[in-house]
Amino acid sequence: MSKGSKKTETVANGDAVAVPDDVGRSVLVVGSDAAGLTAALDLADAGARVTLVEEAPFLGGAFKRHARFPGSGMPAFCRATEVIHRATRHPRIDVMAGTSVSRLRKSDGGFDAAFRTEATRVTDACNECGACVEVCPIKPYDVFNEGLTLRTAIDWPSTPAHETRPNIERETPACTETCPVHIDIRRYVGLVVEGKFAKALAVVRADNPLPAICGRVCPHPCESACNRGHQDEPVAIDAIKRFVADYEASLRRDGKLEWPPAPKRTRKERVAVVGAGPAGLTVAHDLALMGIGSTIFEAAPVPGGMLWLGIPEYRLPRDIIQDEVDYIANMGVEIHYDTPVGPDLTLDDLRKKGFKAIFLGVGAHSGLKLKVPGEDDFEGFMDAIVLLRKINLGDAEKPGNKVIVIGGGNSAIDAARTALRVGCDEVHIVYRRSRREMPANEWEIDAAIEEGVQISYLAAPVRILGEAGKVVGMECVRMELGKLDASGRRRPVPVEGTEFVIEADIIVPAISQRPDIDFLGDDHGLDISRWDSFEIDTRTGQTNVPDVFAGGDDVTGPATVIEAIAAGHLAAKGIAKYLTD
Amino acid sequence: MKKPKFITEFEDIPAPRAKMPELPLDERKLNFTEVELGLAREAALAEASRCLSCRRCIGCGLCLAECDPDAIVYDMEASSSKATFDAVVAAPGAEPYNPAANPALGYSESANIVTTLELERMLNPTGPYGGLPIRPGDGTFPSRVAFVQCVGSRDEGIGAAFCSSSCCTQALEQAASLGDALGTVSVTFFHREMRPLGRRGEELLRYAEENDDIDFVFAGVTGASGVDCEGPVIVKYDTGDGDREREFDLVVLSVGQRAPGSTRRLARSIGGKQNKFGYVATTPLAPTATGEDANPVAGTVARPMDVGGAVAAGSAAASQVLNGLDGAVESDPSGAESGVESGAESGDGSPVDDGPAVVALCKYGLTTAGLDVSRVSHAIGESSGAPWVITFPTACVTPTVRELGRLADERRASRLLIVGCYPETHSGFWRAKAAARIDRPLAVEIIGGGDGADAESVARAAGEWLAGGSPERCTDDARVVENRTLVVGAGVSGLSAAAELARRGVPVTLVEAGTELAPRLRGAAIADPDAAEALAALVERVEAEPAIEIATGSTVASVERTAHGFESVLTGSSGETRVTHGALVLAAEATDYDASAIKGASPDSVITQRELTERLRGGAADLSSVVMIQCVGSRTPEHPYCSRNCCAEALANLHRILGENPETEVTVLHKGIRVWGFDEEMFSDAIDAGVRFVRVADTPAISDGASPEVTAVDAETGDAIRLAPDLVVLSTGVVAAEENAAVAGALGVDVDGDGFLRAADEAVAPVRSRCDGSGPCERQCEGVFICGSAAWPASIEDCVTQAQAAAGKASLHIFTKGPR
Ligand SMILES: Cc1cc2nc3c(=O)[nH]c(=O)nc-3n(C[C@H](O)[C@H](O)[C@H](O)COP(=O)(O)OP(=O)(O)OC[C@H]3O[C@@H](n4cnc5c(N)ncnc54)[C@H](O)[C@@H]3O)c2cc1C
Ligand code: SF4
Ligand code: SF4
């Protein structure tokens, strides 16, 4: 019969409504927009017992915000009020607002669900008098009204018509919500104002083990979300992070600060981490904090993965990487450099050595092909990743005099600016769309232009030109935004007869990268996607092979440091759970 | 959300953002020294003090001191809970596209560039400015407003090669509301083809086209900017012959929809999949279910849709849950719809005594009904001598209800009359509200503005109640109804409805005028082979279902209401049959427009799109050129509506032709291509494949003869076009089925001039029929449900969704009344 139906005394507005015994089955409705509300009411009317969860503090979603529904005789406000009222008071609907589904899993014939309900800070004793709203001195933008006006720290519709509870908001500002690792930004920024730099850094470290690195290279999505941006410009969150991290590093350099003691190892199992990029470092760091020892196997002679091999030094000095890696090594993490996992050290070898779980954080290092004629025919053709790696590993010999970089992302810019620094005379970037579409960060494009990089927008490679086996240039064609087509779009089309040649002795495609999984051999048994990335359970980082976990660029494709860190946190938790179970 | 400049409260913390010190340019040559130097201590401190702390609660305690019932607990913690469920309905809604992602649109810069969502809030009486659409920059009324359509939609550059489907209609509705709110305002639509959705969409578009203050510019908008809060906003656009600029006071960006970020996780946990745009994947004949276990999903998480679509999808998904659970859910009338609406709250409106009354007028309700509030107020005062007639901007908001309570106490009233609200839907709401917020027991009554009411008639009704009379209330006397539903029409809607009803345990009589099930679709129209297969499976299921009695070749000769629902007489080849049933679903699908007159003497080289679909089943013939003519029998004075599916079918077919023979020259003569949702991709792919789309002014002419010649006038250039293709394909539209109107007429169900059935409310009650006002009672069409192209030309997804919703509502109707 009806298993698991929740028995609830629905008490609305002080009226105790008689709850009929469980007459039907229990149904979870996720979301209370038009569809969710309708489904919940239909189900409950038909006798099912419904739990309606809504992430926002109030029911109704967009349904409630409209002025008019096209085709409805009744104003949207009146309609939504009545429908929400009915759902709220329905004896068979259990409303859970401010609630997110933290877990949902199929279980014999039904579903197991876990919820997290945010605190409203107001109890049921509230009689909705609105006095709190009158006195609250805090004035945030009113998100419900699309920020067109201000409200108070009490999130309460100024003119509620159906049952609502005031909701005193304290948590999750926009910045923290947007940050992939959810650093408590408001808190550490506040601590900086008070001059408590060490405490501030501790707040950062709680979620981000590489603060000085991220303080330099993070694309900081938090700043795009920052509410201060609605007023003038967002808070320079990332620069503040860098400041506190550098401050601590300077104390340590001056001998005024010791390394913190290594966390105690409480468990005997060891975990093998493949790759010392941000993902792998984070896994090792988190495991150490949980008392689990780990060994990192790194193919390169240096730590940091793309931090060292990809990102150029003028953006991220190597002592900064070394410092943060030392911090993690000091927690008791072993790192073996020049030790690729591959034919000579297979996953099975690692298992035989006694590692109880393996984390794969090998990144995405294999450059994609351009697919233009001549690509494979001449010397002087070198992928951006290969070029950067060579230079970043200390071979600062200039690859040529005239360089063409193809692409519009951050690695194109990095390659171009790096080429200038090793002494190339002329550096061109060729990009097929216009500046607006360029995915690289705005500020990096500006810096590249300032430094002398020439960018040709709306130009596409046609063929690589070579003589005597060597690259001598590239033929390009101008692209133009085409005529307005029948669907009202204009898209770049090559303009016939506008072919032109850029001379070059080295051509550097910077299109995109994929993970290189050849090291695994043929019989690894792991699920691999079309893009050569690992398939994982997104809640635990676990692959289809139970003792193998993965995360970072080798799962997502080329992404960012902070996303790799987030993946590392997730996998570390997954591994710890796996070892315990 | 963005910066409304005339809110100045944040100016207490000015300080510009700290600039990152950098290595001078000339020091960057030939070395790898770090370029960004980091903030100095003072700069970092100043920068940190710019943080707003997001203006959340700081625990200052001021509100705690004011809170009488001590209801505030600052350190309340978030809580976790667990539960098990038999089923899950995923309905997380959609997210709007954030236009800040395209800086050229100036959304983050100018306060006077807003989204449709912002305008929607502004137009809401409980919104930020009391229902007035003003320029957020300086608070003045705009006199020139521009709408920019397709912001974040129909743009494969940002991974959104789909039409968000609902924005055009929403924007047109807003344009009409702007006129209502501001009197004179000129509105310009920068659009890439307006795509009105549903009956209301078409009405609005027609209204806008006929309105001199609203104009339409087919253009790609390349940018918008407004320098200061007081100044104008410049829109840059491109109509195909170079860039232009125009000045406006307010620019509204019609932002598209996106599946929410949480979709991936949710889809996985219910065993579903995502399509390439991130929406939950469904199929045409199961549009509200995903994955192998067909887990129900509802609303905008499956595809972009409007509110009416989402409501239908909600009902459809609910119905499927009830099917999926083993054993029918027991009915329980006590808690059901009717019970909640007028349940055991304080009285049911009848025990009217003649004690003192407080009369509250809802200005919003009355104004929306087109009534003059002061006239109503005056008339009530005159006719009843009621002493306390008070007008409120919106009567139902909590502070007002409190005030009403205070007045009632003061005046020792025993009755409360609300004028301007909606008695049909809001009675239960008001009684509950009064019981909860007003200590004094009050008899509550509502008098609405209603269709065709004027100030005098409202005042008369109010007067009668105040004098002790009871207002006329429609009641539905039938208490127990026959457990059977008559479904009229066995197209995709009727079949889906019948199958759904049978699964819910409701026996069905399915009547179809044609000689076989799915007469129209079996032959051709489903171009997608998977969908055709699914339809065939549906037909088989219906045929095999013992609870469904099938009467093909039959029509409904008569239908009347009885104490237990309806009694109908069906006539067919086997004579007359009498059916008693508790509910009725009108689902006879629209039929093809008859194009034989246009085909003229060349029936082989001039065919309909449907015939082409059929022909392509056997592979594309070797064609060197094809001309498709859109809107044959649609969007004409005779049939003014869009037939909804012809553009999509044409695009699907031309891709099939090009797939086999890429050299074929395809020309589409159209009046504006209308495809919604994910079908958009077929359109952009067709353009990329070199298909020529020519907008024509009038319906093209086709010459008689074995090799037809098509002549038309290019609407943009005015040039004459003359084409002699191998094949001319007519995208014929649909006309409403006659069966529906015949039955509807007998029951007082509203039918529009084109023969389509009207819904009780297109947005929130899309499958309930609407009374035509001929009878005495607003409930006369209770138990009659409509769906699919019986109501309006609809896509297959919409037909099936509405059919399932109608079936769900019909079973609910039977079970809550109690099956006989
Ligand atoms: C040029 C460039 C510039 C970038 N700039 C930025 C930026 O400014 N901001 C930002 O946030 N992100 C940036 N990124 C992206 C960022 O560096 C990556 O997203 C991030 O480093 C990914 O971390 P990861 O740990 O997944 O992989 P990686 O950093 O790629 O680390 C993988 C590690 O695994 C090692 N490895 C591979 N195979 C084996 C094996 N078989 N055995 C042992 N070890 C192996 C590799 O040597 C490497 O050290 C940039 C990337 C590039 C290429
Ligand atoms: S002002 Fe910006 S940085 Fe400060 S809490 Fe708000 S969003 Fe975060
Ligand atoms: S065409 Fe489609 S995407 Fe564009 S505005 Fe209209 S409904 Fe939205």
Side-chain angles (χ1 to χ4, degrees), chain A residues 4 13 23-29 31 33-36 38-39 42-43 45 47 61 67 69-72 82 91 104 110-111 114-115 117 119 121 123 125-126 131-132 135 138 140 145-149 153 159 161 168-170 173 189 192-193 230-231 233 235 243 313-314 484-486 488, chain B residues 1 3 10 17 32 35 39 44 48 51 54-57 62-63 66 69 71 76 78-79 81-82 84-89 91-93 118 120-121 123-124 126 128 169 173 192 200 240 269 298-299 307 310-311 313-314 317-318 325 329-330 332 335-337 396-397 429 436 687 693 762-763:
Chain A
N13 285 340
V23 288
R25 292 307 194 74
S26 60
V27 184
L28 170 65
V29 177
D33 215 330
T38 308
D42 275 16
L43 283 163
D45 283 348
F69 301 132
S72 178
E82 188 272 330
L104 183 61
F111 289 87
F115 306 106
T117 306
R121 299 188 172 76
T123 66
C126 167
C132 48
V135 296
I138 308 288
N145 277 321
E146 294 291 324
L148 288 164
T149 183
T159 43
I168 301 184
E169 272 191 315
R170 287 188 83 169
V189 171
V192 171
V193 178
H230 300 305
Q231 170 67 14
E233 280 181 281
V235 174
F243 168 76
E313 209 175 334
Y314 64 85
L484 199 71
D485 66 27
Chain B
M1 199 181 91
K3 43 177 159 194
F10 285 172
R17 176 177 160 119
F32 280 87
V35 170
L39 298 182
C51 172
C54 267
R55 302 267 169 150
R56 308 277 165 123
C57 172
L62 286 177
C63 57
E66 289 298 314
M76 187 187 280
S79 59
S81 52
K82 281 185 182 162
T84 60
F85 297 93
D86 299 310
V88 173
V89 176
E118 282 163 75
E120 199 73 356
R121 286 313 297 156
L123 289 166
N124 193 307
T126 59
T169 309
E173 185 81 59
R192 295 167 49 196
R200 178 63 180 163
S269 16
V307 172
V311 167
L325 299 174
V329 170
E330 291 164 48
D332 173 58
E337 196 163 31
C396 57
V397 299
F429 166 77
I687 297 170
F693 288 89
E762 275 172 48

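Atoms considered below: every heavy atom in the structure, side chains included; atoms not considered: hydrogens, waters and symmetry mates. Order of the sequence lines fixes the chain letters, A, B, ..., with proteins taken first and strands second; residue numbering starts at 1 for each chain.
- Among A:C132, A:S72, A:A34, the residue making the largest number of heavy-atom pairs under 4.5 Å with chain B is A:S72.
- Put simply, of B:G299, B:A313, B:P69, the one with the most heavy-atom pairs under 4.5 Å next to chain A is B:P69.
- Counting heavy-atom pairs closer than 4.5 Å to chain B, the top residue among A:A486, A:P70, A:A39, A:A125 is A:P70.
- One distance of note links OG1 of A:T123 with CE of B:M76; it measures 6.0 Å at 0.5 Å rounding.
- In terms of heavy-atom pairs under 4.5 Å with chain B, the best-connected choice from A:A131, A:A114, A:G36, A:G61 is A:A114.
- In terms of heavy-atom pairs under 4.5 angstrom with chain A, the leader among B:A298, B:P128, B:G240 is B:P128.
- Contact annotation for A:F111: both backbone and side-chain heavy atoms come within less than 4.5 Å of a heavy atom of chain B.
- Note that CG of A:N145 is 7.5 Å distant from OG1 of B:T126, once rounded to the nearest 0.5 Å.
- Residues meeting the salt bridge (charged side-chain N to carboxylate O under 4.0 Å, His left out) test with B:E120, sequence neighbours left out: none.
- A donor-acceptor distance shorter than 3.5 angstrom exists from the side chain of A:R121 to the backbone of A:I168, with no hydrogens or angles considered.
- With sequence neighbours excluded, the residues satisfying ring-ring contact (aromatic ring centres under 6.0 Å, His included) with A:F69 are A:F63, A:H66.
- Note: B:V89 leads B:L39, B:L62, B:V89 in heavy-atom pairs under 4.5 Å with chain A.
- Counting heavy atoms from C-beta on, the side chains of B:L123 and B:E118 never come closer than 4.5 Å.
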